[in-house]
Each structure stands twice: as structure tokens, then as C-alpha cells.
Amino acid sequence: MANKPRIGIFGCGRGLSMGKYVVPAGGEIVAVCDHNPAKLESAKSILAEGGKAYARFDDFIEHEMDGVYVANYFEQHVPYVIRLLEKGISVCIEPICGATMADMVALVRAAEKYRDRATFMFGENYQYTPALQEMKRIYGTGELGDLLYAHGEYVHPASAGDRNRLAPGPNHWRNSLAATYYNSHALSPLMYVSDTMPKLVMAQAAHSDDYHKGIARQVDPCGIMMTKMDNGAVFTSTGCISGGVHATWYHFTHFRGTMETVRYDSSVVAVRYNSFSKPDGTPRYNTYIPDPPFDKGASAGSGHGGADYFVVREFIRCIEEGIQPYNDVYRGVAMAAVGVLGWRSVLEGGKPYAIPDFRDEAELVKWENDTLSPFLDANGNRSLPAKENQNWKMDPADRAAAEEIWNDPKVFTDYSWPGKELN
């Protein structure tokens, strides 16, 4: 590609925070799009000369672009992604590749159909941290032996006030986010390090009265999934846990030893062997901060320990070279299916659900019309509960506390039902 890849940003909240790495990563931002006028105005500052800001996706998509970073509402990515791929525009999205099984089928079919014209990338960031890169290197040596068990944990608590500000209005997706759905930061790094795919999921959710005090979310604060992988190992992973102390933690138990990040300091890697299984010349216990395997200068100051920069850099590299990323559509939808089908397992008392092989057309046909979802539809209805206890009722005082924040003129509130073009 003779010129710099031309990148668009769709959704100027998280999209804007990632957009600042486009220029350092070798691209230029030529278009931005958001339905929030304040966010759109802020995004103009990162536009290249001649770039444009759009309030409507229908106008945005007509701009000449090589790739788009898609960061609109959590449950609404897929229809927009498909339209971009149809036009030969490459796409990077986070944090989920479909809120329904039908979404995932449609996304796979589009990515396959337009594969020669556009790249699809699932933009998980944690795998680019130095610690995860180091654990992937260790895994590849085979010194630890067969992988038996792994655990991925993502804990991201917030005050009641912040939770209401992040979900401004009763119909915002965060107020319907079932506890297993936001599982990318916990599961995807495990899949990356071990190069495995999920085959079966069982899940449970936890209730907390404390969690609901002062907020209007109709969901559970914690979801835990147990997943059988295609190499025979068992993984446990979380959704986005809303409680405890902010942390990420990744642990791998192998036949000969273990490796893990250190709790509350995920930049540190700890490798342990038994006395009878330690390779010659290797310390039995080793705890250290690994050097980044990438360009430290380019990623300096980037979010998530430098990882955010490398998501953008990998996306631009795929556009420049016309290649597919490691986190392609099949890995993206498999990870998403663990969360979506994990929630059905929760609602059915832990029933196991097989994860489809999304390369198999017969499996795609099986799920192509499955639109069950805990998120509100255009009529304000759900086809699945968003909380395990379907008899639970919100305390009017908690709803009133949320309303007080939503009515603050500094908080952007959109009470429209999903179905309107929101970005």
C-alpha cells in the first residue's frame, strides 16, 4: 500500500481513546462518526487534513476508507460491520463479535464472503501485554508439559455513581448486560496463549444485594464459566466482575508446573516447577517482569500496559499486507459464543452447551435464526432475562438514585429504544 491506511472511527467514546494510536501505528484518521454531538466535536481534533465528522452512519460509510475501528454500542456491532465488509472496508471491533447467535452466523458469512476484499479483526487488547506475550513464549517451548487447567479473571468494579454515568438511561446496554457476556478480557488471552478453541461451556452467576444499591442495572455482578477446550484442557473464566478490587489475573496449570501473572500486578510473571519436574538449568521458582517483545518506544504511554497501541498496529499491518489477523472471525465468535451460551447455561442451572464449529455450514444453519438476547429490542422487550433471578424486583429508591444522575445535564442521556441508528 503506497499511502498510509485511511482509518475511520465509528463510536467516539472508546473509539476515540483507541484512535489516538492510529497515527503512531502508521495510519491516518480520515473520518469519525457518532450520534453524540459532544463526542463528535471532540473527535474532530484527531482527524487528518481534509477528514470529516459524521452524525449518520449512512454518510460515514460513503467516505473513502481502508479500515474502520468499530466501537459503537456493545450489542449493535454486527449490522454495521457487515455493511462495512460489503464495501471492502476492513474492520476491527471490540469487545464482542455478536450479541446473539444469529449475529455471529451473519458475521462469519460476511467475513468469509468478503475475505478477499477486507480484513476482519477482533481487537482484544490484553494479549498484547508483555506478561501475556511472555507466557505465550513459554507455552511454545513445551517445557511445562501438557496444559491441564487455566483461569482468566477480569474484575472491574466501580462506584454506584460511576455505574449510572456509564449507563445513562434505562435502555442503555450496560443496564441489560448479562453477567457472562463481557468475557473477552478473561477468556480471549487464555485462548491466545494456548492456541486453543472452546468446545463446551457451563456457567453460574452470583447475586449481590450490595451491588444493586443506588443503581438501575437489572443484571448480576458476577458470572463464571467453565469451558472444555479442544486440547482437552478445562478453563474457567469470568465475565466483567463488578465487585472486589480491580484486577486481571491469568493462571496456567501444566503437567510439570505452572505459570501465572501476579495478582494486583499483572506486569509480573511467576513460573513454578516441582522439584522432580524442573528442567536442567532452569530455576524452580522464577518471578520477573518480562521485557515487551515489541517496540517499547512506539507503545510508551499506551493504555493497558502498552497493549492498546498494538491492537491498532496489528489492524493497520493486516490492512497494509492484506492478511487476516490471529484473532480472526472464527476465534472472535467462538469467544463470544461462550458468553452468550454461557448465559443460557446459567438460566438452566448450569446445563452444558456445545460451542458451534463456525467453519461448518451445518452448524451455521442450526443457529442462523437464533436471536435470543437479554438486551432490549425496539419495543423495549427482552427475549431472555438479563438476571438469573427472574423474580427479582428493583427497589424504587435505587431507580431514583440512578435517575438523579441521569438527569444531570453533564451526563449525556439517550432514552431512545435500540433500533434507532444510535451511532
Side-chain angles (χ1 to χ4, degrees), residues 18 92-97 104 111 119-144 146-154 182-199 201 225-240 247-254 258-261 266-271 290-294 299 302-315 317-318 323-339 342 355 358-359:
M18 294 298 285
C92 179
I93 70 170
E94 62 169 59
I96 192 171
C97 294
M104 297 175 217
T119 292
F120 174 86
M121 175 176 165
F122 170 59
E124 170 56 37
N125 51 8
Y126 275 93
Q127 71 186 48
Y128 292 102
T129 62
L132 268 297
Q133 289 290 314
E134 172 68 356
M135 286 197 285
K136 186 172 181 65
R137 183 197 67 77
I138 295 169
Y139 186 96
T141 68
E143 291 181 354
L144 287 167
D146 290 340
L147 177 62
L148 306 178
Y149 161 76
H151 178 73
E153 187 173 295
Y154 178 62
Y182 200 138
N183 68 339
S184 57
H185 296 325
L187 178 59
S188 188
L190 303 182
M191 293 169 57
Y192 174 73
V193 167
S194 61
D195 196 24
T196 56
M197 292 283 278
K199 304 299 290 183
V201 63
M225 290 147 278
M226 179 186 293
T227 310
K228 188 67 176 277
M229 308 305 289
D230 61 359
N231 68 339
V234 176
F235 290 1
T236 57
S237 57
T238 70
C240 178
T248 55
W249 182 55
Y250 305 102
H251 172 94
F252 296 81
T253 292
H254 293 252
T258 66
M259 61 179 177
E260 62 185 353
T261 56
S266 56
S267 66
V268 181
V269 172
V271 183
D291 289 329
F294 304 117
S299 63
S302 167
H304 298 91
D308 286 353
Y309 164 83
F310 290 109
V311 172
V312 178
R313 179 67 196 108
E314 178 68 3
F315 181 44
R317 186 180 75 87
C318 289
I323 60 175
Q324 298 295 319
Y326 179 84
N327 275 343
D328 60 9
V329 69
Y330 303 110
R331 289 186 175 88
V333 294
M335 182 277 305
V338 169
I355 304 302
F358 286 95
R359 296 178 184 269

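Along the sequence shown, residues are numbered consecutively beginning with 1.
Surrounding CE of M226 are at most 12 heavy atoms belonging to other residues, nucleotides or ligands under 6.0 Å away.
The closest donor-acceptor contact from the side chain of T196 to the backbone of M229 lies at 3.5 Å or more, if one exists at all. Side-chain atoms of W249 do not come within 3.5 Å of backbone N or O of G152 as any donor-acceptor pair. Of the possible polar contacts, one joining the T119 side chain to the I323 backbone as a donor-acceptor pair under 3.5 Å is found.
By the salt bridge (Lys or Arg N to Asp or Glu O under 4.0 Å) test, E260 is found to be paired with no residue, residues two or more places apart in sequence or in another chain being considered. Qualifying side chain to side chain donor-acceptor pair (under 3.5 Å) partners for Y139, counting only residues two or more places apart in sequence or in other chains: none. Shown here are the side chain to side chain contact (heavy atoms under 4.5 Å, CB included) partners of C240, two or more places apart in sequence or in another chain: Y154, H156, Y182. Residues that satisfy the salt bridge (Lys or Arg N to Asp or Glu O under 4.0 Å) test with E94, not counting sequence neighbours, are R14. Scanning for side chain to side chain contact (heavy atoms under 4.5 Å, CB included) contacts around T253 gives Y149, H251, T258, with sequence neighbours left out. Every residue meeting the side chain to side chain donor-acceptor pair (under 3.5 Å) condition with E134, not counting sequence neighbours, appears here in chain and number order: R137, Y288.
Among pairs with a residue in residues 228-240, none fulfils salt bridge (Lys or Arg N to Asp or Glu O under 4.0 Å), at least two apart in sequence or across chains. For the salt bridge (Lys or Arg N to Asp or Glu O under 4.0 Å) condition, the pairs that include at least one residue of residues 189-198, sequence neighbours left out, are D195-R331.
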(message) side chain to side chain contact (heavy atoms under 4.5 Å, CB included) for S184 and M335? Distances and angles first, verdict last.
(response) CA-CA 7 Å; S184 57; M335 182 277 305; 3.7 Å; yes
(request) With side chain to side chain contact (heavy atoms under 4.5 Å, CB included) as the test, would you mind laying out the steps for V311 and M18 before giving the verdict? (result) CA-CA 9 Å; V311 172; M18 294 298 285; 3.9 Å; yes
(request) Might you work through the side chain to side chain contact (heavy atoms under 4.5 Å, CB included) test for F120 and C92, ending with a clear yes or no? (result) CA-CA 6 Å; F120 174 86; C92 179; over 6 Å; no
(request) Any chance you could lay out the side chain to side chain contact (heavy atoms under 4.5 Å, CB included) test for L147 and H254, step after step, and finish with the verdict? (result) CA-CA 4 Å; L147 177 62; H254 293 252; 3.7 Å; yes
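Looking only at side-chain heavy atoms (C-beta outward), Y250 and M259 stay at 4.5 Å or farther from each other. Residues M135 and V269 form a side-chain contact, since some pair of their non-hydrogen atoms from C-beta on lies under 4.5 Å apart. With contacts defined as side-chain heavy-atom distances shorter than 4.5 Å, the pair N183/V338 qualifies. The closest side-chain heavy-atom distance from V234 to T227 is not below 4.5 Å. At a threshold of 4.5 Å between non-hydrogen side-chain atoms, the residues N327 and Q127 count as touching. Side-chain contact between L132 and V193: present, with at least one pair of heavy atoms (C-beta onward) separated by less than 4.5 Å. Inter-residue side-chain proximity for S237 and H151 is flagged as unmet; no heavy-atom pair is nearer than 4.5 Å. Considering only heavy atoms from C-beta on, L144 comes within 4.5 Å of I138 through its side chain.
Going from atom CD1 of I93 over to atom CZ of F315 covers 10.5 Å, rounded to the nearest 0.5 Å.
Summarising the geometry of P290 relative to S267, their closest heavy-atom pair is CD-O, 3.4 Å, with the distance given to 0.1 Å. Nearest heavy atoms, I96 versus A336: CG1-CB, 3.6 Å. When all heavy atoms are compared, the tightest approach of T238 to A186 is O-CB, 3.4 Å. Here the shortest heavy-atom pairing between C97 and M104 reads O-CG, 3.4 Å.
Using a 30° and 60° split on the angle between ring planes, H185 and Y126 fall in the perpendicular class, above 60°. Using a 30° and 60° split on the angle between ring planes, F235 and F252 fall in the perpendicular class, above 60°.
Results of the side-chain hydrogen bond (donor to acceptor under 3.5 Å, both in side chains) test with Y192 over Q133, K136, E124 single out Q133 as the only residue that passes.
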